[in-house]
Structures are given as C-alpha cells and as structure tokens.
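This report refers to the structure that appears directly beneath it.
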Amino acid sequence: QVQLAQSGGGSVQAGGSLRLSCAASGDTQNRPCMGWFRQAPGKAREGVATWHLLRGTTVTEPVKGRFSTFLDNDKNTLYLEMDSLEVEDTAMYYCAVDSEDFFGARCHELNEAAFTIWGQGTQVTVSS
C-alpha cells in the first residue's frame, strides 16, 4: 500500500506563493490518481487539483490560473504550486490517492470517497 507524507505549507501574506509536497512511499506503482483537497475552518472539504497517470492534471475553478500540480517521478513526490494566494485559500491541505482508477474514469471528479489513502495534512494560512 502507498503511504503519503506531506510537507511545506506555512504562513504567507496575500499575493505570496507556497509549494506543498506529497511524498509517496511503499507500493508507489499503485497511485494512478492523486489529488489535493483542502478544508477551511467550518467548511466542507473541497477538491483542489488532480494528477492522473494517463489523463494529466486538472485544477478546480477557484484556483485556476493560480495553482498547479506536477509529479516528480524520480522522487515519487507530487507538488502543489500555489501562487497569488488569497485569504480565502487558508485551509488544511491534504493529498490523497485513488489506487484503483488506472484509466482515469473518475480521477478528475475529485470524489472524496474514491480517495482511500490520505496524507496527514498541512496548514496553509494566508493573511491580508
């Protein structure tokens, strides 16, 4: 099974940038779909971005043009690059794996229930 270890995050002023890392270990072949989610205080968790082995990457509308995700295959690490951060981006960020979606039928839907392996989360705080 894949294990995920997150790093990065922290506090930044609005307009700044941060990069989050999600390092995979263990059975790293079974990570065809990886996603980023976030949860702000008092709000439901929401999808942010996905990477799929065959389908490429996507980001959701609230972060389009500001966030991007990419995989360093040599390091087995998925990154979330966050630019032009806004106060509304303040949240706990999680990476996750859907280990069964090899053909990408559902990856970009960011259905939480399909993501069965989760990182520990990392806090991002954006101040005005």
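By convention here, the first residue in the shown sequence is residue 1. Computed over heavy atoms, backbone and side chain alike; hydrogens, waters and symmetry mates excluded.
The cationic atom of Arg38 (NZ for Lys, CZ for Arg) does not lie both less than 6.0 Å from the six-membered ring centre of Tyr94 and within 45° of the ring axis. Note that Arg19 lies in the cation-pi zone of Tyr79, set by a 6.0 Å cut-off to the ring centre and a 45° limit from the axis.
Side-chain contact between Thr116 and Asp98 is absent, with no heavy atoms from C-beta onward closer than 4.5 Å. Val126 places none of its side-chain heavy atoms less than 4.5 Å from the side chain of Gln13. Between Asp89 and Phe67 the shortest side-chain heavy-atom distance falls below 4.5 Å. For the pair His108 and Leu110, the minimum side-chain heavy-atom distance is 4.5 Å or more. Using a 4.5 Å cut-off on side-chain heavy atoms (C-beta onward), Val97 and Leu4 make contact. Side-chain contact between Cys107 and Arg55 is absent, with no heavy-atom pair separated by less than 4.5 Å. Side-chain atoms of Gln123 and Tyr93, non-hydrogen and from C-beta on, never get closer than 4.5 Å to each other. The closest side-chain heavy-atom distance from Met92 to Arg45 is not below 4.5 Å.
Linking Ile, Leu, Val, Met, Phe, Trp and Tyr whenever their side-chain heavy atoms come within less than 4.5 Å leaves Val2 and Trp118 in two separate clusters. Hydrophobic clustering, with ILVMFWY side chains joined whenever heavy atoms are under 4.5 angstrom apart, keeps Val48 apart from Phe115.
Here the side chain of Asp72 pairs no donor or acceptor atom with the backbone of Thr77 at under 3.5 angstrom. When atom types are taken as modelled, the side chain of His52 and the backbone of Gly104 share a donor-acceptor pair closer than 3.5 angstrom.
Rounding to the nearest 0.5 angstrom, the gap separating the OG atom in Ser7 from the CG atom in Leu20 is 8.0 Å. The SG atom of Cys22 sits 5.5 Å away from atom CD of Gln6, with the distance rounded to the nearest 0.5 Å. The distance from the CZ atom of Phe37 to the CD atom of Glu112 is 5.5 Å, given to the nearest 0.5 Å.
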Original post:
Given the rule in the side chain to side chain contact (heavy atoms under 4.5 Å, CB included) test, do Thr57 and Thr50 qualify, once you have shown the distances and angles that lead to the verdict?
Top reply: CA-CA 5 Å; Thr57 62; Thr50 57; 5.8 Å; no
Original post:
How far apart are the C-alpha atoms of Thr125 and Thr90, what are their side-chain angles, what is the distance that settles it, and do they pass the side-chain hydrogen bond (donor to acceptor under 3.5 Å, both in side chains) test?
Top reply: CA-CA 5 Å; Thr125 302; Thr90 295; 5.4 Å; no
Subject >> Trace of the side chain to side chain contact (heavy atoms under 4.5 Å, CB included) decision for Val124 with Met82 >> reply: CA-CA 10 Å; Val124 171; Met82 305 184 293; 3.8 Å; yes
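Nearest heavy-atom pair across Ser128 and Ala14 is CA-CB, 4.4 Å. Of all non-hydrogen atoms in Trp51 and Arg31, the two that sit nearest each other are CZ3-O, 3.3 Å. Between Gly9 and Thr122, the shortest heavy-atom distance links the atoms CA-OG1, 4.0 Å. Residues Ala91 and Ala40 approach most closely at CB-N, 3.8 Å, considering heavy atoms.
Under a cut-off of 6.0 angstrom, the local environment of CZ in Phe70 is crowded, with over 12 non-hydrogen atoms contributed by other residues, nucleotides or ligands.
Ion pairing between Glu109 and Arg106 fails under the 4.0 Å rule for side-chain N and carboxylate O.
Listed by chain and residue number, Trp36, Val59, Thr69, Leu80 satisfy the side chain to side chain contact (heavy atoms under 4.5 Å, CB included) test with Ala49 (two or more places apart in sequence, or in another chain).
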